[in-house]
Every structure is written in structure tokens, then in C-alpha cells.
Student: 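The structure is given below, and queries will be raised subsequently.
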2 protein chains.
Amino acid sequence: MTMPLKTVFYTIEKTIKEYRKFSQRNLIKIEKHITVDQALVLNILKEQPGLSQKEIAGLLYKDVAAMTRMIEGMVKKGMLKKLPYPEDKRRSLIQPTDKGEAILEKIIPVVLKNRKLALEGLTEEEVHTLNALLNKILTNLNRNS
Amino acid sequence: MTMPLKTVFYTIEKTIKEYRKFSQRNLIKIEKHITVDQALVLNILKEQPGLSQKEIAGLLYKDVAAMTRMIEGMVKKGMLKKLPYPEDKRRSLIQPTDKGEAILEKIIPVVLKNRKLALEGLTEEEVHTLNALLNKILTNLNRNS
DNA sequence: GTATTTATTATGATATATCAATTATATTTA
DNA sequence: TAAATATAATTGATATATCATAATAAATAC
């Protein structure tokens with residue numbers, strides 16, 4: 001087996017892990033006790049209110065069980081609230097609390113800056129190319145599974 | 001904040017997660033109870049015998065504590081053995097057992113095929129470009145951290 | 001309209017990750 | 001060489017992930 005560490009998959013994994021660590025470090029500077037994923041949940045709920053836990057899980061690429069527990073944790077920490085969802089009693093209406101919204105406002109600029117710093121020196125076309133190549137791989141994976 | 005789900009970082013994360021799942025599914029078909037990371041450890045130790053746990057952790061991009069437990073698990077399952085490491089008593093010499101080697105031989109073709117399927121339709125140049133673009137991001141992350 | 005199937009969420013068991021603190025050994029330095 | 005510092009690995013506490021199963025509600029089939 002040629003060294004797995006020299007494959008492009010290793011580079012992909014390394015990049016996303018470094019990016020997550022980088023983002024996490026910068027997030028914590030301005031808001032202790034928040035994780036990258038929690039920030040994403042707050043943002044998603046702000047932009048698409050009324051999503052189900054399953055839908056949020058899908059967007060964050062997580063398991064629904066993991067999402068149950070993550071949201072539970074965020075409710076405990078006062079960032080989210082769960083209200084009854086009239087049309088479907090299996091679900092809840094999940095909303096950021098005032099505290100959650102305040103946190104989100106604080107972290108948005110950090111998230112934007114993180115992305116900007118990480119993509120420094122890449123042209124729009126390069127970012128587009130990167131996306132396109134990754135999508136080719138994704139297509140292969142879906143076709144073969 | 002523009003939707004995080006539309007950023008290239010989301011695509012990167014999605015790609016590596018899908019690739020891991022894809023690999024895991026195919027691995028399990030021929031060898032129950034082995035994970036992608038365990039396969040990588042076996043392979044690394046075969047190609048670079050005598051690495052320390054810390055070095056292996058670095059290559060797999062994991063914490064040393066996680067590596068301690070992972071290796072512990074693989075020893076319990078009979079895939080690895082830990083021998084005394086003469087020059088430095090803090091370390092152990094970690095080696096695949098016969099069973100571990102046999103497993104590795106079985107899975108190598110699967111790993112190679114996984115990679116091939118995932119990269120189907122991409123030219124060598126495209127793979128090279130993908131790598132280069134990711135490395136640009138990695139450089140940014142390192143410089144800014 | 002009841003029974004069956006499907007969908008959403010929650011839970012239990014287990015595995016893995018992360019961070020801090022600890023232990024044992026090596027290395028440096030004064 | 002003794003003391004201080006650094007390194008490799010382990011452990012404990014906590015968080016998160018994953019898979020199977022269960023509980024509840026909704027949708028569909030009969």
C-alpha cells in the first residue's frame with residue numbers, strides 16, 4: 001500500500017482538522033465554552049428558523065442521536081429553547097434564546113474572519129476549482145455506495 | 001454570516017466524512033471489527049517499524065491520549081503487541097502481530113480500491129491541483145495560528 | 001376506522017476525542 | 001553529579017460520536 005499519508009485524502013483530512021482547530025481557537029478567544037458546531041447550529045437556526053433536529057443534523061453532517069444531545073446541551077447552557085411544534089407533536093420548535101442570539105452576533109465576525117484568513121491568497125477561481133474537484137469525489141462516492 | 005453550508009470548508013468536511021464512511025463500509029465487508037484508523041496504524045507500523053505512539057498519533061492527526069487507548073484496544077484484539085524498547089524505557093516497540101499482519105494483507109487491496117473509486121475521473125493533474133490548493137489553505141492556517 | 005408502516009426524537013451501550021494532571025524516564029544545566 | 005527541565009506514555013474527567021433499539025406521533029393501507 002502506498003503510504004496513506006501521501007494521498008490527497010490525508011491532505012483533505014488534515015486541512016479540515018486544522019481549520020476546525022484554528023476556528024475553535026479564535027472562537028474561544030471571544031466566547032468561552034462555545035464550539036464550532038454550536039456556532040453553526042445557532043447560525044442555521046437563525047437563517048432557517050423551524051428546522052427539525054433531523055434537518056439540522058443533516059446540514060451539520062451529524063447523526064440524529066448526536067444532534068439530540070448537542071441541542072440538549074445547548075438548551076442547558078441557555079443558548080436554545082425548545083417550544084411545542086403545533087403541526088407535529090414529535091418535533092419541537094427550536095429557537096435561539098436572547099442569550100443565544102447575543103452569542104451569535106459576537107461570533108459572526110470571527111467566523112467570517114476565520115474563513116477569510118484561511119483562504120488568503122486563493123483567487124475566487126481557485127476556490128471554485130477546489131469545490132468542483134471535491135464535488136467530483138463526492139459524486140464518485142455516492143455512485144459507488 | 002453567509003451560509004456556512006455554502007463555503008468550501010463545508011465541502012471539504014463533507015468530502016472527507018463521506019470518504020471515511022465509504023472506506024469503512026468497504027473495509028467491514030472483508031474484515032469485521034476493523035476501523036479505518038486501525039487499518040492505518042497497521043499500515044504505518046508495517047512501513048515504518050519502531051515509531052513511537054506520539055509519532056503515530058502525529059501521522060494520524062490524533063491526540064497522544066487517544067493513541068494510547070487506540071493501541072491498547074488493538075493489543076486487546078490481538079492485532080498489535082508491545083515489546084520493550086531498549087534505548088528508551090518510556091517507550092515501547094509496537095509491532096503488528098501475525099494476526100495483525102494477516103489482517104493488513106487482506107485490507108490493502110480494499111484500501112487501494114477505495115482510493116481508486118473515489119478518484120475516478122480525476123486526472124493526475126487535477127489531484128495535484130487539489131493537493132496544492134489544500135496546501136495553500138494549510139499554509140494560511142499555520143501562518144495565522 | 002383500525003392496523004400497519006413510516007418518521008422524529010430519545011435513550012442505552014459502547015467507542016472515541018480532548019484536555020489536564022500524573023508517572024516514569026531522559027536530557028540538560030549549573 | 002544533583003537538581004531542574006523536558007519527553008513519552010498513561011489516566012481521569014468530560015464531551016462527543018455511533019449504532020441499535022425504543023417511544024411517540026403521523027401517514028398510509030386495508
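Lettering follows sequence order; numbering is per chain, from 1.
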Student: Could you tell me the separation between the CG atom of B:D37 and the P atom of D:dA17, rounded to a whole number of Å?
Tutor: 15 Å
Student: Is there a side-chain polar atom (N or O) of B:K89 under 4.0 Å from OP1 or OP2 of C:dA24?
Tutor: no
Student: Between A:Y85 (OH) and D:dA26 (C1'), how many Å, whole number?
Tutor: 13 Å
Student: Would you say B:Q24 reaches D:dT18's phosphate, i.e. side-chain N/O to OP1/OP2 under 4.0 Å?
Tutor: no
Student: With respect to the side chain of A:T68, which nucleotide from C:dT8, C:dA10, D:dA9 is positioned closest?
Tutor: C:dA10
Student: Does B:K62 put a side-chain nitrogen or oxygen below 4.0 Å from OP1 or OP2 of C:dA17?
Tutor: yes
Student: Select from A:K21 and A:I94 the residue whose nearest nucleotide in DNA chain C is closer to the 5' end of that strand.
Tutor: A:I94
Student: Considering only D:dT10, D:dT18, D:dT7, which nucleotide approaches the side chain of B:R90 most closely?
Tutor: D:dT7
Student: Of the candidate nucleotides D:dT16, D:dA9, D:dC19, which contains the atom at the shortest distance from the side chain of B:Q53?
Tutor: D:dA9
Student: For a quick check, tell me whether the side chain of A:R69 and the base of C:dT9 share a donor-acceptor pair closer than 3.5 Å.
Tutor: no
Student: What integer distance in Å separates A:D63:CG from C:dG12:P?
Tutor: 16 Å
Student: Rounded to the nearest angstrom, tell me the gap between atom CE in A:M67 and atom C1' in D:dT16.
Tutor: 11 Å
Student: On the 0 to 90° scale, with breaks at 30° and 60°, tag the A:Y61-B:Y10 ring pair as parallel, tilted or perpendicular.
Tutor: perpendicular
Student: Need to verify one output field. Residue with the more 5' nearest nucleotide on DNA chain C, A:A65 or A:R91?
Tutor: A:R91
Student: Measure the distance from CD on A:E87 to P on C:dA7 and round it to the nearest whole Å.
Tutor: 19 Å
Student: Near B:K54 NZ, under 6.0 Å, is it more than 12 heavy atoms from other residues, nucleotides or ligands?
Tutor: no
Student: Look at the side chain of B:K54 and decide which nucleotide, out of D:dT18, D:dA8, C:dT8, has an atom nearest to it.
Tutor: D:dA8
Student: Check whether any side-chain N or O of A:K82 sits under 4.0 Å from OP1 or OP2 of C:dA10, and answer yes or no.
Tutor: yes
Student: B:D88 side chain: which of C:dG12, C:dT18, C:dT25 is closest?
Tutor: C:dT25
Student: Please check: side-chain N/O of A:T97 versus main-chain N/O of A:G78, any donor-acceptor pairing under 3.5 Å?
Tutor: yes
Student: Expressed in angstrom and rounded to an integer, what is the separation of A:L40 atom CG from D:dT16 atom P?
Tutor: 14 Å
Student: Between the side chains of B:K17 and B:E13, is the shortest nitrogen-to-carboxylate-oxygen separation below 4.0 Å, so that they form an ion pair?
Tutor: yes
Student: Rounded to whole angstrom units, what separation is found between the CG atom of B:L60 and the C1' atom of C:dT16?
Tutor: 13 Å
Student: Between A:M70 (CE) and C:dT11 (P), how many Å, whole number?
Tutor: 18 Å
Student: Examine distances only and state if a side-chain atom of B:Q24 and a backbone atom of B:I34 form a donor-acceptor pair shorter than 3.5 Å.
Tutor: yes
